[in-house]
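Note that the numbering runs from 1 along the sequence shown for the chain.
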Amino acid sequence: QLMENPNDYFYTLCMPTGYGKTITSLKMATWLIENQDYEKIVYVAPYLSILEQTSDTIEKAMGEKPLEHHSLAILDSSDEYEQRAGENQLWMESWAHSIVCTSFNQFSKAIFPKRAQDVLRRAFLKNCVIIIDEPQIFNPNVWNLFLCGLEGLSGLLNLKIIFVSATMPPFDYGLSKEPASLNVGPMYKKERYKLYVKEEKEDEISLANLLKNNEVMSQAAILNTIEDAYRVYKELDIDNAYLLHGLMIPIHKKFIIEKIKDDLKNRRYPLYVVSTQVLEAGVDVSFGSIFRALPILPSIVQAAGRVNRHGEGNEGGIIWAFPFYRSMEKDTRSYIYPKELMRITDSLIGKKEIWGENELVDLVRQYYIEMFTQNTYEASLSSIKGAYIGRWEELSNFKPFSDEYLRLPIFVSWEIEEEDFLDKRFIFLRNKFKISTSLEVYERYSDSNYMSKLSFQDKKQFMILFYHYVLNLPVKHALQIASKEEFLSSKIPRLNDDYAYDKKIGLKTPFEEYDNILL
């Protein structure tokens, strides 16, 4: 399809989850480089988990280590770059590499730069193929502004843009021309899963019983809030069950995901996972069935991508979507999702009780048509006029995610003995700095003499190790854990209560206080 239509500048690659979108988009990018004299690849992802996973895929598939630029990016430690330590920050900030993996946040700064360093990377974007993964996660309020800026930049720098997703958002109101559509249809003889829509509501007790009574060897439940997930996990009360949510430090979440993958690979059944939306995007796991508390339609489809993901089940998998009411009284769905999008979702999926995998493609398309008919999200485009007459900050301050909560960092001590499941990057850094415990990490961070003696690159890498133990909490909640004085004196205070963080459930706190925050 690309060879038949090679001269467009914007493409959409629409493929079901688990079909190999990353490899396909890389093949497209290399074809454009070979045949149209493009020079490099920039891969853009919403979340760190997706970004790091894809970076590893690129290295294995192409034999080239990408430059990673994000909040926890690890610089290349080879001798070549060690000798250029003084240049590393400029090298990383400007994306001076043949393959770059970066985040929505960092890429948005190239379109609407705020600092001189943000502008530098534009020189290294010329004649580049940009792969933008999971664009539907972008904040809809600024989606059209992002597209408008991207179209302007593509004209200046001769860019090819490939949007990659199973649930593609519309481009009508942000681009002057619809992207060329590249589609991959069903490859399996049988559909991988079916969606069952239930009208009767469930609560934490009934859902836990459904999981225990469901004769499937691997299954997950995805809830809309941490409190809901914790309640289901507690009611499940099974030793080989996992809980996964956003109030776990990064290394803890990575550890649990690796344990889940290993259990699935080695068929340690029965396996139960209870999670928030953390499991929905970018996690390459496959369950026999998933119970999904009703969200909005794209989230249902993303969750379904973790069911019989590679067509390994002979009978196909099942995803159940149902209303979840905490204690059969409180509908927590509305805490997270806009009412209008919930209404559109319910109207569409309520037309049938059972949906096949392939039917969901058209259903998602209809969802976005109705979503943007209700609200075209063009208000943000007025910022362009403001920037044109001198108010550039109206553009440079826009955020790709809708979570606008100001957050504060807390360091959490966390130890684990099962090192086989620890992130390899984390182990590399821990060994480099000869550190064996999290407490040692914080002690060195607090030692100004030690930190001042580190080279720029070593300090950067040390802080990457440090942030594996950091939770970023909304200000109100952070100040319940540490005082203003501790933040002023330490910048990143340590969670002093050793019993306030649990190896299974993460931060021990009233989870209900986080009901309206997507974690």
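Within the 3.5 Å criterion, the main-chain N or O of Asn308 finds no donor-acceptor partner in the side chain of Arg192. No side-chain donor-acceptor contact under 3.5 Å links Ser275 to the backbone of Ile222. With hydrogens and angles disregarded, no donor-acceptor distance shorter than 3.5 Å links the side chain of Gln106 to the backbone of Cys101. The main-chain N or O of Leu341 is found under 3.5 Å from a side-chain atom of Thr345 such that the two form a donor-acceptor pair. Under a 3.5 Å cut-off, the side chain of Lys40 and the backbone N or O of Trp95 do form a donor-acceptor pair. No donor-acceptor distance shorter than 3.5 angstrom exists from the side chain of Ser55 to the backbone of Leu51, with no hydrogens or angles considered. Without hydrogens or angle criteria, Arg292 side chain to Val301 main chain gives no donor-acceptor distance under 3.5 Å. Between the Asn144 side chain and the Thr376 main chain, a donor and an acceptor come within less than 3.5 Å of each other. Judged by distance alone, the side chain of Glu134 and the main-chain N or O of Pro46 form no donor-acceptor pair under 3.5 Å.
The distance from atom CD1 of Ile50 to atom OG of Ser103, rounded to the nearest 0.5 Å, is 11.5 Å. Taking CG of Leu495 as the start and CG of Leu507 as the end, the distance is 6.5 Å to the nearest 0.5 Å. The CG atom of Leu473 sits 6.5 Å away from atom CG of Leu247, with the distance rounded to the nearest 0.5 Å. The CD1 atom of Ile249 lies 12.0 Å from the CG atom of Asn472; values are rounded to the nearest 0.5 Å. Atom OH of Tyr445 sits about 5.0 Å away from atom CZ of Phe466, to the nearest 0.5 Å. Here CD of Glu39 is found 11.0 Å from CZ of Phe124. Values are rounded to the nearest 0.5 Å.
When only modelled atom types and interatomic distance are considered, Ser438 and Glu415 share a side-chain donor-acceptor pair under 3.5 Å. With hydrogens and angles left out, the side-chain atoms of Tyr38 and Asn158 include a donor and acceptor closer than 3.5 Å. Side-chain contact annotation: Asp56 with Thr54, donor-acceptor N/O pair under 3.5 Å absent. Side chains of Thr167 and Gln302: a donor-acceptor N/O pair is present below 3.5 angstrom, by distance only.
Counting only heavy atoms from C-beta outward, the side chains of Thr276 and Thr225 never approach each other to under 4.5 Å. Ser165 places none of its side-chain heavy atoms less than 4.5 Å from the side chain of Met15. Residues Val307 and Ser286 have side chains not in contact (no heavy-atom distance under 4.5 Å, counting atoms from C-beta outward). The shortest side-chain heavy-atom distance between Tyr9 and Glu151 does not fall under the 4.5 Å cut-off. Side-chain atoms of Ile435 and Phe462, non-hydrogen and from C-beta on, do get closer than 4.5 Å to each other. Looking only at side-chain heavy atoms (C-beta outward), Phe10 and Ser154 come within less than 4.5 Å of each other. Proximity of Val119 to Pro113: side-chain heavy atoms (C-beta onward) are separated by under 4.5 Å at one or more points. Side-chain contact between His252 and His468 is absent, with no heavy-atom pair separated by less than 4.5 Å.
Looking at Lys434 and Glu440, no side-chain N of the basic residue comes within less than 4.0 Å of a carboxylate O on the acidic one, giving no salt bridge. A salt bridge links Asp8 with Lys177; the closest basic N to acidic carboxylate O contact falls under 4.0 Å. Taking 4.0 Å as the cut-off between side-chain N and carboxylate O, Lys21 and Asp133 do not count as a salt-bridged pair. A salt bridge does not link Glu258 with Lys253: every distance from a Lys NZ or Arg NE/NH1/NH2 to an Asp or Glu carboxylate oxygen is 4.0 Å or more. Remark: Arg365 engages Asp362 in a salt bridge, criterion side-chain N to carboxylate O under 4.0 Å. Salt-bridge formation is not detected for the pair Asp284/Arg306: no Lys NZ or Arg NE/NH1/NH2 atom is positioned less than 4.0 Å from an Asp or Glu carboxylate oxygen.
Under the rule for a side chain to side chain contact (heavy atoms under 4.5 Å, CB included), the partners of Lys114 that lie at least two apart in sequence or sit in another chain are Asp118, Ser396, Asn397. Residues meeting the side chain to side chain donor-acceptor pair (under 3.5 Å) test with Glu370, sequence neighbours left out: Gln366.
The minimum heavy-atom distance between Gln1 and Ser181, with the atom names listed, is OE1-O, 3.7 Å. Summarising the geometry of Gly305 relative to Thr17, their closest heavy-atom pair is CA-OG1, 2.7 Å, with the distance given to 0.1 Å. A pairwise comparison of heavy atoms in Pro409 and Val470 identifies CB-CG1, 3.6 Å as the closest pair. Between Arg444 and Met451, the closest heavy-atom pair is O-CG, 3.4 Å. Shown here for Ser490 and Tyr442, the closest heavy-atom pair between the two residues is CB-OH, 3.8 Å. Closest approach of Phe104 to Ile132, counting heavy atoms only: CE1-CG2, 4.2 Å.
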>> Go through it in stages, so that I can follow the logic: the residues are Phe112 and Ser383, the test is side chain to side chain contact (heavy atoms under 4.5 Å, CB included), and I'd like the CA-CA distance, side-chain angles, deciding distance and then a yes or no.
In response: CA-CA 11 Å; Phe112 300 121; Ser383 300; over 6 Å; no
> Passes salt bridge (charged side-chain N to carboxylate O under 4.0 Å, His left out), Glu486 versus Arg494? Steps please.
Replying inline: CA-CA 9 Å; Glu486 288 176 293; Arg494 177 175 171 263; over 6 Å; no
> Between Gln374 and Ile344, is a side chain to side chain contact (heavy atoms under 4.5 Å, CB included) present by the stated rule, with each step listed?
Replying inline: CA-CA 10 Å; Gln374 295 285 340; Ile344 295 171; 4.2 Å; yes
>> Could you go through Ile23 and Thr57, starting from their C-alpha distance and side-chain angles, then the distance that decides it, and tell me whether this counts as side chain to side chain contact (heavy atoms under 4.5 Å, CB included)?
In response: CA-CA 8 Å; Ile23 295 296; Thr57 299; 3.8 Å; yes
>> Pair Ile162, Ile130 - check side chain to side chain contact (heavy atoms under 4.5 Å, CB included), show working.
In response: CA-CA 6 Å; Ile162 305 170; Ile130 312 286; over 6 Å; no
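Taking the six-membered ring where the residue is Trp, the centroids of Phe398 and Phe146 are separated by 6.0 Å or more. Side-chain rings of Phe171 and Trp143 approach one another, their centers coming within less than 6.0 Å.
The aromatic rings of Phe411 and Tyr469 lie tilted to each other, with the angle between the two planes from 30° to 60°.
Counting heavy atoms of neighbouring residues, nucleotides and ligands inside a 6.0 Å radius, atom OH of Tyr450 exceeds 12 of them.
With a 6.0 Å cutoff to the six-membered ring centre and a 45° limit on the axis angle, Lys259 does not count as a cation-pi contact of Tyr242.
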